[in-house]
Amino acid sequence: MTAGTTRTSTAGDRPQPTELLELATDLALRAGAAVAGMRSGVVSSAATKSSPTDPVTEADRAAESAIVAGIAEARPDDAIVGEEGTDRAGSSGVVWYVDPIDGTVNYLYGIPAYAVSIAVGLGRSMVAGVVLNPATDELFAASVGAGATRNGLPISVSDRTDLAAALVATGFGYQADRRRAQADVLSALLPTIRDIRRFGSAALDLCAVASGQVDAYYEAGLNVWDYAAGWLIAAEAGATCDDGRGGPPSERFLVAAGPGIHHQLGERLRDVDADRVTD
Ligand code: IPD
Ligand code: CA
């Protein structure tokens with residue numbers, strides 16, 4: 001199926017997760033090719049958003065526009081929420097969560113760790129998700145109940161059971177107060193684990209959990225488009241994902257880890273109030 005030429009539903013349909021994943025994958029591949037192509041020219045920050053260190057490039061905007069146009073053409077009754085400002089109401093109950101470039105700072109600097117991330121939910125319940133790193137040609141995908149894949153091959157989380165030996169990814173927000181609080185959490189956690197990784201893309205962090213490249217990931221203050229697709233991919237790969245207190249992952253806090261260490265990590269993070277609200 002080709003996005004942009006095939007209308008896949010009308011209001012009231014209950015689409016199959018695999019059908020949604022197919023459309024999401026097609027759109028991500030097209031956007032990824034465009035984004036990678038724009039990287040070969042001069043890349044500069046077109047504007048900043050939540051703080052002077054939170055950039056947006058022309059590629060972010062162009063990719064979001066193309067993805068939104070593709071969804072709207074194929075599924076005109078679906079809602080769409082996107083990082084670069086898309087907030088489109090729908091009537092089908094299906095919601096698309098679009099992060100056109102997650103890891104924009106990496107993209108700006110030419111560090112090959114950025115991703116097109118597209119999730120599809122029935123409301124907040126994710127049923128399909130794709131994360132494409134166009135710099136490495138890694139395509140992570142999942143649909144609910146069908147497991148997770150990297151470039152078509154099944155992936156699964158690590159079987160680590162000892163938090164002291166765990167490699168843990170995390171990320172930091174763009175606001176100074178939030179970063180101060182996140183640095184405090186990090187300095188309490190770091191001496192008690194194997195090490196920390198800060199890749200710079202929440203979507204890829206979650207895929208790293210999904211494929212066992214790290215044992216766990218946590219972050220406070222994400223937006224839903226940052227984590228929606230990666231959450232489903234990690235969960236389908238066997239990760240336990242929550243808000244650190246047993247609820248679903250939220251903008252406030254997200255912890256994703258193999259089942260062997262999730263409880264220990266959640267407890268450790270609660271001890272240091274890692275989910276406290278700072279702004
Ligand atoms: C950011 C990345 C980063 C995370 C930030 C996000 P952006 O998204 O996912 O890893 O630490 O919290 O805002 O700005 O690159 O799309
Ligand atoms: Ca993002």
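Read the numbers this way: they start at 1 and go in the same order the structure lists the ligands and their atoms.
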Is the contact between [X] and ligand 1 made by the side chain, the backbone, both, or neither, using heavy atoms and a 4.0 Å cut-off?
X	result
Phe199	neither
Ser201	backbone
Asn106	neither

Atoms of ligand 1 close to [X] [distance to a heavy atom under 4.0 angstrom, numbered from 1]:
X	value
Ile101	16 (O)
Gly103	7 (P), 15 (O), 16 (O)
Ala202	2 (C), 9 (O), 10 (O)
Asp99	16 (O)
Glu83	14 (O), 16 (O)
Glu219	4 (C), 5 (C), 11 (O), 12 (O)
Gly171	11 (O)
Tyr174	1 (C), 7 (P), 13 (O), 14 (O), 15 (O)

Review point. Does ligand 1 have any atom sitting under 4.0 Å from a heavy atom of Tyr107?
Key: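 Tyr107: no contact with ligand 1 (<4.0 Å).
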Exercise for review: Report yes or no: does a heavy atom of Asn223 sit under 4.0 Å from some atom of ligand 1?
Suggested key: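 No heavy atom of Asn223 comes that close to ligand 1.
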Practice item. Check Asp226 and report its N/O/S atom nearest to the Ca ion (ligand 2), by atom name. Key: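 In Asp226, the heteroatom (N, O or S) nearest the Ca ion (ligand 2) is OD1.
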Check your understanding: For the Ca ion (ligand 2), which N, O or S atom of Glu83 is at the shortest distance?
Key ->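 The nearest such atom is OE1.
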Going by atom types alone, do [X] and [Y] pair a side-chain donor with an acceptor below 3.5 Å?
X	Y	result
Thr170	Arg198	no
Thr18	Gln16	no
Asp215	Ser158	yes
Asp243	Ser250	no

Practice item. Would you tell me which option among Arg198, Gln175, Gln182 has the nearest heavy-atom contact to atom 3 (C) of ligand 1? Key: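 Going through Arg198, Gln175, Gln182 one by one, Arg198 has the nearest heavy atom to atom 3 (C) of ligand 1.
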Check your understanding: Looking only at non-hydrogen atoms, which of Asp226, Leu108, Asp102 approaches atom 9 (O) of ligand 1 most closely?
Key ->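 Heavy atom nearest to atom 9 (O) of ligand 1 belongs to Asp102.
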Exercise for review: Step by step, work out the side chain to side chain contact (heavy atoms under 4.5 Å, CB included) result for Tyr114 and Asp102.
Suggested key: CA-CA 6 Å; Tyr114 54 88; Asp102 186 53; over 6 Å; no
Tell me whether [X] has any N or O atom under 3.5 angstrom from an N or O of ligand 1.
X	result
Gly173	no
Val105	no
Gly200	yes

At their closest point, which heavy atom of [X] faces which heavy atom of [Y], and how far apart are they?
X	Y	value
Ala36	Pro134	CB-CB, 4.1 Å
Leu232	Gly129	CD2-N, 3.6 Å
Glu64	Val98	OE1-O, 4.1 Å

**Study point:** Step-by-step side chain to side chain contact (heavy atoms under 4.5 Å, CB included) determination, Arg252 to Asp275
**Key:** CA-CA 6 Å; Arg252 182 182 171 118; Asp275 63 350; 3.9 Å; yes
Review point. About how large, to 10 degrees, is the angle OD1 of Asp102, then the Ca ion (ligand 2), then OD2 of Asp99?
Key: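 About 90° at the Ca ion (ligand 2).
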Review point. With a cut-off of under 6.0 Å to the ring centre and 45° to the axis, is Arg39 in cation-pi contact with Tyr107?
Key: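 Yes, a cation-pi geometry.
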Point to revise | Asp159, CG: over 12 other non-hydrogen atoms inside 6.0 angstrom | key: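 Not more than 12 within 6.0 Å, no.
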Check your understanding: Passes side chain to side chain contact (heavy atoms under 4.5 Å, CB included), Leu108 versus Thr57? Steps please.
Key -> CA-CA 8 Å; Leu108 198 56; Thr57 68; 3.9 Å; yes
**Study point:** For Tyr97, the option from Val224, Ile80, Asn223 that meets side-chain contact (heavy atoms from CB on, under 4.5 Å)
**Key:**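 Only one of Val224, Ile80, Asn223 forms a side-chain contact (heavy atoms from CB on, under 4.5 Å) with Tyr97, namely Val224.
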